[in-house]
Amino acid sequence: MTHPAQPKASHFINGEYIEDTSGTPIPVIYAATGEEIARVYAATPAIVDQALASAQAAQKIWAKMSGTERGRVLRRAADIMRERNHDLSVLETYDTGKPLQETLVADATSGADALEYFGGLAASLTGEHIQLGEDWVYTIREPLGLCVGIGAWNYPTQIACWKGAPALACGNSMVFKPSETTPLCALKVAEILIEAGAPAGLYNVIQGMGEVGASLVTDPRVDKVSLTGSVPTGKKVYAAAAEGMKHVTMELGGKSPMLVFEDADIESAISGAINGNFYSSGQVCSNGTRVFVHKDIKEKFLARLAERTATAKLGDPMDEEVNFGPMVTENQMNIVLGYIEKGKAEGARLICGGARAEMDGYYVQPTVFADVTDDMTIAREEIFGPVMCVLDFETEEEAITRANDTEFGLSAGVFTKDFTRAHRVIGQLEAGSCFINSYNDAPVEAPFGGVKASGVGRENSKEAIKHFSQVKSVYVRMGDCEAAF
């Protein structure tokens, strides 16, 4: 009997499921048990060609529709996604291992928010009129054409929509390649868009590893590449896209700082630290994994943090009481356990966790290290797992300097009751998505993205429109055109 997670076929192209078993088999492993629950096949060159050709054809039809008509399709897709939230959340849990308690409120719902928001903006994407005496200029906002989205494994449904919704709102088509680790959910997004009235081929999903991604990024038919992934992958994709002069958005990794001042509300700050380190079992690019706590409150902070971390409920992700799931793969679990061993070896003080949980599946205990110094490996490198580093600081200036001493610049957070200080400090932190007395909120209305090695461009909000469209300017001379001879 086939598992309910098994899709009809590996790829969704030109409005239908398509199978080609001559590609490399990709087993889908359920992180909570380690068992294979589904299997898909990597796209062959013929599949890649089919996806790009049908997206190119659909884009021409889509771009001729009015923004209002395009918006209607996206908003309808959002409604369908909300109606099916439970089933999509169950699939997301199978795909990632994230607890159902979390996927029910953070994944398909966030995808639906993006479709609704950009569906609402689609009709408003107009140009402007610029008067120059008698002459004038008008501008037209045009689609880029064919966009490629390359997803990460931590938020498969959300990323498929965060990239697809603004691309489609602007009149583009998209070929989306999910992470080979989590190939299931994006297929449902493609299916829902067709059901909502999108032309066949407008949003195609094809599976595969790095070589499939590379073949998409280097194809001359592709106008734009949007990637969510690690910094090393981002550098490779950015370079390949530059060869073909393609537009890019890069949403990459981070090692973000969270500053907790001596006047902070400790319970609130601990909530921020838990959200910024243990949500999605720590598998979030914007996580605030360097928690700088003022020396005066450090021991009080650590004692209470340990008490609250001890109440995390590990277990079957399908049980809605469970709030902490496994790592997405065995490989990711081993990477995280390796970092934990480095932390112990380099002399950090283990407050709690520090080992694999004794249960089936790829569970790592929520782990907190204290007395972490800036030069330790666990304080420099992105771990992408439930490992929190607590560092001490004494002065505001020192905290800002040390917080910025990293190649990354995705997020940053400040906890303090002094609002003047909060804004002053955030103003000096080198990061794209920042938080005051909160952490990791990512509503579609707000721009999301990093500085430095954490990426280029922004997702969500009106900012995303700029990254999926281009402006044509037209100069209109009302009198005679003169020349020197």
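When reading the values below, keep in mind they use all heavy atoms of this one structure, side chains included, and skip hydrogens, waters and symmetry mates.
Ser10 places no side-chain N or O within 3.5 Å of a backbone atom of Val40 that could act as its donor or acceptor partner. Remark: the backbone N or O of Gly288 is not paired with any side-chain donor or acceptor of Ser256 at under 3.5 angstrom. With hydrogens and angles ignored, the 3.5 Å screen pairs no side-chain donor or acceptor of Arg304 with any backbone N or O of Ile270. Side chain of Ser179 to backbone of Ala152: no donor-acceptor contact under 3.5 angstrom is found. In this structure, the side chain of Gln207 does not engage the main chain of Ala42 through any donor-acceptor pair within 3.5 Å. For Asn172 (side chain) and Ala167 (main-chain N/O), a donor-acceptor pair under 3.5 Å exists by modelled atom type. Looking only at distances, no side-chain donor or acceptor of Glu102 sits under 3.5 Å from a matching main-chain atom of Pro99. No donor-acceptor pair under 3.5 Å is formed between the side chain of Asn277 and the backbone N or O of Gly282. Of the possible donor and acceptor atoms, one in the side chain of Ser411 sits under 3.5 Å from a partner among the backbone N and O of Ser433. Under the 3.5 Å distance criterion, the side-chain polar atoms of Glu251 are left unmatched by any main-chain donor or acceptor of Thr228.
The line from OH of Tyr362 to CG of Leu337 is 13.0 Å long, rounded to the nearest 0.5 Å. The line from CD of Glu83 to CD1 of Ile192 is 9.5 Å long, rounded to the nearest 0.5 Å. Atom CE of Met81 sits about 12.5 Å away from atom CG of Asp87, to the nearest 0.5 Å. Expressed to the nearest 0.5 Å, how far CD1 of Ile18 lies from CD1 of Ile13 amounts to 4.5 Å. Note that CD of Glu382 and CG of Asn287 are 8.5 Å apart. Values are rounded to the nearest 0.5 Å. From Ser271, atom OG reaches atom CG of Asp265 across 8.5 Å, with rounding to the nearest 0.5 Å.
Salt bridge status for Arg349 with Glu299: present, with a side-chain N to carboxylate O gap under 4.0 Å. With respect to the salt-bridge test (charged N to carboxylate O, under 4.0 angstrom), the residues Glu430 and Lys452 qualify. Salt bridge Asp405/Lys255: absent, no basic N to carboxylate O contact under 4.0 Å. Salt bridge Arg402/Asp392: absent, no basic N to carboxylate O contact under 4.0 Å. One finds a salt bridge joining Glu267 and Arg308 here, because a Lys/Arg side-chain nitrogen approaches an Asp/Glu carboxylate oxygen to under 4.0 Å. Salt bridge Glu394/Lys295: present, at least one basic N to carboxylate O contact under 4.0 Å.
With Thr103 as the partner, the side chain to side chain donor-acceptor pair (under 3.5 Å) test is satisfied by one option alone out of Asn85, Thr93, Thr109, Asp95: Thr93.
Counting only N and O atoms by type, the side chains of Thr249 and Glu459 include no donor and acceptor under 3.5 Å apart. Side-chain contact of Tyr155 with Ser280: a donor-acceptor pair under 3.5 Å is present, judged by distance alone. Under the 3.5 Å distance criterion, with hydrogens and angles disregarded, a donor-acceptor pair is assigned to the side chains of Gln158 and Ser110. With hydrogens and angles left out, the side-chain atoms of Glu92 and Thr157 include a donor and acceptor closer than 3.5 Å.
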Derivation of the salt bridge (charged side-chain N to carboxylate O under 4.0 Å, His left out) call for Lys8 and Glu16: CA-CA 10 Å; Lys8 286 178 198 167; Glu16 57 189 12; over 6 Å; no
Stepwise ring-ring contact (aromatic ring centres under 6.0 Å, His included) test for Trp153 and Phe384: CA-CA 11 Å; Trp153 44 253; Phe384 224 67; 5.2 Å; yes
Quick one, His3 with Tyr94, criterion ring-ring contact (aromatic ring centres under 6.0 Å, His included). Give me CA distance, side-chain angles, the key distance, then yes/no. CA-CA 10 Å; His3 192 279; Tyr94 278 132; 4.7 Å; yes
Go through the steps to decide whether Arg84 and Asp79 satisfy the test salt bridge (charged side-chain N to carboxylate O under 4.0 Å, His left out), and finish with yes or no. CA-CA 9 Å; Arg84 293 185 198 158; Asp79 292 343; over 6 Å; no
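Nearest heavy-atom pair, Gly97 versus Tyr30, reported as atom, atom and distance to 0.1 Å: CA-CE1, 4.5 Å. Of all the heavy atoms in Ala264 and Phe415, the pair that sits closest is CB-O, 3.5 Å. In this structure, Asn440 and Val284 approach most closely via the heavy-atom pair ND2-CG1, 3.9 Å. Across Pro183 and Val28, no two heavy atoms sit closer than the pair CG-CG2, 3.5 Å. The shortest heavy-atom contact between Pro257 and Phe292 is CB-CE1, 3.9 Å.
For Arg421, the side chain to side chain contact (heavy atoms under 4.5 Å, CB included) partners at least two apart in sequence or on another chain are Phe261, Glu262, Asp263, Glu396, Thr416, Asp418, Arg424, Val425.
In this structure, Lys163 forms no cation-pi arrangement with Phe176, as its terminal cationic atom is not both closer than 6.0 Å to the ring centre and no more than 45° off the ring axis. By the 6.0 Å and 45° rule, Lys235 does not stack over the aromatic ring of Tyr238.
Other residues, nucleotides and ligands place more than 12 heavy atoms under 6.0 Å from the NZ atom of Lys342.
In this pair, His294 and Phe393 present their aromatic rings perpendicular. The plane angle is above 60°, beyond the 30 to 60° band.
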